[in-house]
Q: 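Please find one structure pasted underneath; my questions will follow.
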Amino acid sequence: MSDTAKSGPVLAADGTPLKRSLARALRMQKMRALMLIAPLLIFVLVTFILPIADMLFRSVENQIVSDTLPRTVVALEDWDATSGETPGEAVFKAMAADLQEAAAAKIHTRVGSRLNYETPGISSLFRKAGRKVKKWDVEGDGPFKEMFLEVDDGWGDPDVWRTIQTYSPRLTNGYFLNAADMQKGPDGPEMRPENERIYWVLFQRTLFMSLVITASCILLGYPVAWILANLPSRTANLLMILVLLPFWTSLLVRTSAWKVMLQQQGVINDTLVWLGLVADDARLVMINNQFGTIVAMTHILLPFMILPMYSVMQTINPSYLRAAKSLGATNWTAFWRVYFPQSVPGIGAGSILVFILAIGYYITPELVGGTKGVFISNRIAFHISSSLNWGLAAALGTILLVVVLILYWAYDKIVGIDNVKLG
Amino acid sequence: MTLRKFTAALATSALVAPAAFAADMADELTLVSWGGAYQASQQKAYVEPYLAANPDVKIIWDESSAEAVAKLRAMNEAGNITWDLVDVVASDSMRLCDEGLAMELNADEDLAAAPDGTPASEDFGDLLVSDCFAPQIVYSTTFGYRTDMVGDTPPSSICDVFDLEAYPGKRSLQKRPIDNMEWALYCDGVAKEDIYDVLGTAEGVDRALAKLDTIKDQVVWWTAGAETPQLLADGEVVMGSTFNGRLFSAIAEQGQPIGMLWDMQSFDLDGWIVPEGLPEDRKARVMDFLKFATDTQRLADQAKYISYGPARKSSAPLVGMHAELGIDMAPHMPTDPANAGNVHIYDYEWWADNRDDLDAKFQAWLAK
C-alpha cells in the first residue's frame, strides 16, 4: 500500500469514499421512507391542505373588480372620492364600455353582487344597466352620464363610485375589516355603526362557551373515567358500551332528544310541575339559550373527554395509591398528590379534543342555541351557503384558525404538549 | 322504386326520425329538490307521467335545494356540473342568475303555451321574477295558531302576533329579516305600499326592530320549516309562522288543533332553474322535461298532493281534490280569494339589494 492511500479518505468496498457512500445510503433510506408516506402525503396535500389554502386566500382576493371593469378602474384613479361629486363623463364612458363587454359575457351581475356586499343597492344598478347597455353604441352615443342616470339615478351617488374605487385593487383587506366589525371609510378603516357589530360578540361567545363546555366535560367525565379504570374489566367493558352508545347515535337525533327533554312542555319541566317544584305558569326556560347549547354540547362531546382520560388512568399503577395510604396519607391527599398528577395528561388530551371540536360546532347551536347560544361557525355557514359572501366566510374562518393556533401555542407553553397522552 | 317500397321507406323514416332526435338527448336527468312532501308531489305530478312517455329515461333526485346556491357555485368553479334541473325559491334564482350560474330562459320558447294558446310569458305573468326562472308554485309564509290556546276570539289580524296582552305565550318566527321586518312595520302603522320606502331608511330599520323588540322575549326563532308545526303540536308556542303547506299537513293530515291566520301572508315562489354550462345532450333533455313539467296540466296536478298554488293562471281552474284525502284543495291554496284578501307581496329586487345589509343589522339585533 502506498502512502497516498493511507492519508487519503477511507474508501468503501467499491472504491468510493466512505463518507459519500454513507451519505448516499442515508439519502436512499430517507427517499424510501418518503416513498412510503407519499400516498398519505399527496392525499392530505390534495384533499386537505390545498383546498384550505385556496379557501383562506379568498379572504383577501378581489380580482373580480379590476378584471371586469378594467377601463373604469383606470379612469377612476384620478377621481377624488372626498370631493362629494359624481365622477366625470370619461368615467361613465369607460363604465359603458366595460359593462357592455361584461354583459355580453354575462358577468356584469357578478361584480354587482360583489360590490353589493359593501354598499347595498349596487347589485340592482348593475343588473338594470346591463340590460340597457347592450343596445348602446359605446363610440357614437353619449353623453353616458345622462344615459346612466336615466337607467337609474343611483348611478349619480358618489358612494357607489367610491365603493368601486375602494375595491379596485386586486387584493383587499375589506373582508378582514368586516370580520372585525370594521369597514373602509373615506379616511381609512373605522368601526361599523353600533347596530351592525356582531362578529366580535360571536368570537367572544364562541370561546367562552367552548371553555365552559370543556370544563363541564372534565367535571362530568373524570369520575366516570375513574370508575371505568378501576372496575374489573368485564364490568368496565359493559359500562364502556354505555359511554360509546350515544357516540354511535346520530348527532341530530341526540340534539332533538335534548329538545324534547328541555323545552317548556318537555319531560323535565313536566316532571318538575308534577312534583310541584315549579308552577305551571313559570316553567323553566332551558332551551333556545346558552344553557341549552351548553347542556346538549357537553353531552355530545363527553365521550371525547372520557376515552383519553380512561386510557391514561388505566396505565396508573394502583399500588402507588396503596403506598401513599400505607405511608399515612388520607384518601384525599393520596388522590390529589399521587393519583391526580398522573392523570393530568389524559385531561390535557381530552380538553384539547373537546375544545377544538366545540369551537367549530354549528349544528347543535343552530338547533338549540336560540339567539344567545349561537357560535361564530353559524355565521360562517350562513355566509358560505346562504349569502354567498365566501370572502367574508374565509376571513372569519382564518381568524378562527389563528385563534385556535394561538391557544394551542399558549397551551403548549403552560401545560406542555409532551404532557398530553392518549393512552 | 315501386310505390309500395316508397311508402315503406317513408314509414320507416317517420319511425326513425323521432328516435334519432331522442338519441341527441341524454337519458339521465338529475333533479334537485327539497325532499319531503313537496318533492313527492313533484314526483307524482311531473316525473311519473314523463317517465310513462319516455321509459328509457332515468331520473335521479338530489335533496339539496337548501344548499343549492353554494353547491352550484362550487360546481361551476370546479367546472363539473352534475345537476340538470334545480328547484329553488325565487330570491335564490335571482342570485344564481346574477352570479351567472343559471341559464337565461326565454319563457315563450322554452315553456309550453297554455291550452288556449296564451304564450307562457303571459300565462305566468309577473311571476317570472328573474330571467332564469321557471316558476312552479306560489306558496306563502303565514301564521298558524293553537285553536285551544287562544280563547274564544282566535287571531284574525297579523298584528295579533305583536299583541302579547290578547294572546300571551310564545311565538315562532323565522330567523331572518325578510317578512318579519315588513310585518313589524305594517303593525307599527306603516301603509302597505310604503313599507319598502320606510325600510330603506336607517330610521325605518330601527322602527321595525323596535316593534320586534316588544315581543323579542317571547319569540322562538326557527330555521327549518318543520319547526313551527312541531312547536305548535307540542304547545310550545301559541302561534308561529311557517310555509302554508306545512300547516296544511299538520291540520288536514295529522289533525292537530291548529288554525290558519292568512292575514298579510307573504307570497313567495318556487321554481326551476337550469344550471349554466350543461353539455348539449343533457341540455336538450332538460329543456324537454322542463317544457313538459311546467305545462298547465302538470302544475294543476301538483296541487292534488300539496296545498301550494300553481304558478300559471291557466292552471287555477283545473285544481281539484286532494289525491288521498279527497278534500277540495282550492280553499287551502294561498291564492284562494278567501285567503288572499290581504297579502304581502315581497319585493325581490329590493331584498336582492338590501338583504346583506339588513341581515347584518338583524343578526346584531338578535345577538343583543
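Throughout, a chain's letter reflects where its sequence line sits, starting with A, and its residues are numbered from 1. None of the values given here were measured: they were computed from a predicted structure.
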Q: Which atoms of A/Arg127 come close to chain B, meaning under 4.5 Å heavy atom to heavy atom: side chain ones, backbone ones, both, or neither?
A: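 The side chain, not the backbone.
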Q: What part of B/Asp206 lies closer than 4.5 angstrom to a heavy atom of chain A: side chain, backbone, both or neither?
A: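 Just the side chain, heavy atoms under 4.5 Å.
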Q: Hey, is CG on B/Asp126 packed in by over 12 heavy atoms from elsewhere, all under 6.0 Å?
A: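 At most 12 heavy atoms, drawn from other residues, nucleotides or ligands, come within 6.0 Å of this atom.
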Q: With no hydrogens and no angle check, is any side-chain donor or acceptor of A/Asn116 less than 3.5 Å from a backbone partner on B/Asp353?
A: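 Side chain of A/Asn116 to backbone of B/Asp353, a donor-acceptor pair under 3.5 Å: yes, one is there.
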Q: Quick check against the 3.5 Å criterion: does B/Lys175 have a side-chain atom that pairs as donor or acceptor with the backbone of A/Gly370?
A: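 Between the backbone of A/Gly370 and the side chain of B/Lys175 there is a qualifying donor-acceptor contact (under 3.5 Å).
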Q: Any side-chain heavy atom of A/Lys106 within less than 4.5 Å of one from B/Glu99?
A: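 Side-chain contact under 4.5 Å: no.
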Q: Are A/Arg131 and B/Asp131 packed together at the side-chain level, in the sense that at least one heavy-atom pair is separated by less than 4.5 angstrom?
A: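 Yes; the side chains approach each other to less than 4.5 Å.
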Q: Tell me whether B/Glu276 is salt-bridged to A/Arg110, with the criterion being a basic N under 4.0 Å from an acidic carboxylate O.
A: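 Judged by the 4.0 Å cut-off on N to carboxylate O distance, B/Glu276 and A/Arg110 do not form a salt bridge.
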Q: Is it the backbone or the side chain of A/Asn195 that comes under 4.5 Å from a heavy atom of chain B, or both, or neither?
A: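 For A/Asn195, the contact with chain B is made by backbone and side chain together.
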Q: Does atom CZ (B/Phe162) have a neighbourhood of more than 12 heavy atoms from anything else shown, all under 6.0 Å?
A: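 Counting other residues, nucleotides and ligands, CZ of B/Phe162 exceeds 12 neighbours.
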Q: Using a cut-off of under 4.5 Å for heavy-atom pairs, which of B/Ala360, B/Ala202, B/Ala367 has the most such pairs with chain A?
A: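 The answer is B/Ala367.
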Q: Would you find more than 12 non-hydrogen atoms of other residues, nucleotides or ligands less than 6.0 Å from A/Lys132 atom NZ?
A: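 No, NZ of A/Lys132 has 12 or fewer neighbouring heavy atoms, counting only those of other groups under 6.0 Å.
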Q: Tell me, side chain or backbone of B/Gln230 under 4.5 Å from chain A's heavy atoms, or both, or neither?
A: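 When you check distances to chain A, no heavy atom of B/Gln230 falls under 4.5 Å.
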Q: Do B/Asp359 and A/Phe382 come close enough that some side-chain heavy atom pair is under 4.5 Å?
A: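 Answer yes - side chains close enough.
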Q: Please find the pair of heavy atoms, one from A/Leu388 and one from B/Ala70, that lie closest to each other, and give the distance.
A: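 Heavy-atom minimum between the residues: CD2-CA, 3.8 Å.
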Q: Treating B/Glu236 as the side-chain partner and A/Gln264 as the backbone partner, does any N or O pair qualify as donor plus acceptor under 3.5 Å?
A: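 Side chain of B/Glu236 to backbone of A/Gln264, a donor-acceptor pair under 3.5 Å: yes, one is there.
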Q: Is A/Tyr199 close to chain B through its backbone or its side chain, or both, or neither, when contacts mean heavy atoms under 4.5 Å?
A: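 It is neither, since no heavy atom gets under 4.5 Å.
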Q: At a heavy-atom separation under 4.5 Å, does A/Arg114 approach chain B through its side chain, its backbone, both, or neither?
A: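 Neither part.
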Q: Quick one: pull up CH2 in B/Trp365 and OG1 in A/Thr371 and give me the separation to the nearest 0.5 Å.
A: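 Answer for the CH2-OG1 pair, B/Trp365 versus A/Thr371, is 8.5 Å.
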Q: Looking just at side-chain N and O atoms, do A/Ser113 and B/Asp98 make a donor-acceptor pair shorter than 3.5 Å?
A: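 There is no such pair (donor and acceptor under 3.5 Å, judged by atom type) between the side chains of A/Ser113 and B/Asp98.
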Q: Looking at B/Lys368, is its backbone amide N or carbonyl O close enough to the side chain of A/Lys372 to form a donor-acceptor pair, meaning the two atoms are under 3.5 Å apart?
A: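 A pair under 3.5 Å: yes.
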Q: Examine whether an atom of A/Arg283 lies under 4.5 Å from a heavy atom of chain B, and if so say whether it belongs to the side chain, the backbone or both; otherwise answer neither.
A: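 Neither the backbone nor the side chain of A/Arg283 comes within 4.5 Å of chain B.
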Q: Starting at CD of A/Glu118, measure out to CG of B/Asp356 and round the result to the nearest 0.5 Å.
A: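 Those atoms lie 9.5 Å apart.
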Q: Could you go through the salt bridge (Lys or Arg N to Asp or Glu O under 4.0 Å) check for A/Glu194 and B/Lys361 one step at a time?
A: CA-CA 9 Å; A/Glu194 192 84 42; B/Lys361 290 178 180 153; over 6 Å; no
Q: With respect to chain A, which residue among B/Arg73, B/Met94, B/Lys170, B/Glu67 yields the maximal number of heavy-atom pairs within a distance under 4.5 Å?
A: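 Heavy-atom pair counts peak at B/Arg73.
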Q: Do any N or O atoms from the side chain of B/Arg95 and from the backbone of A/Ser386 form a donor-acceptor pair under 3.5 angstrom?
A: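 Yes: the side chain of B/Arg95 pairs with the backbone of A/Ser386.
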Q: Heavy-atom count around B/Lys283 NZ within 6.0 Å, excluding the residue itself: above 12?
A: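 12 or below, so no.
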Q: Check whether A/Val111 gets within reach of chain B through its side chain, its backbone, both or neither, counting any heavy atom under 4.5 Å.
A: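 It is neither, since no heavy atom gets under 4.5 Å.
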Q: Any chance you could measure B/Phe362, atom CZ, to A/Ile198, atom CD1, to the nearest 0.5 Å?
A: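 Going from the CZ atom of B/Phe362 to the CD1 atom of A/Ile198 covers 10.5 Å.
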Q: From A/Trp390 CH2 over to B/Glu77 CD, what is the distance, rounded to the nearest 0.5 angstrom?
A: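 So the CH2 of A/Trp390 and the CD of B/Glu77 are separated by 5.0 Å.
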Q: Please classify the contact of B/Lys71 with chain A as side chain, backbone, both or neither, using a heavy-atom distance under 4.5 Å.
A: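 Looking at B/Lys71, nothing touches chain A.
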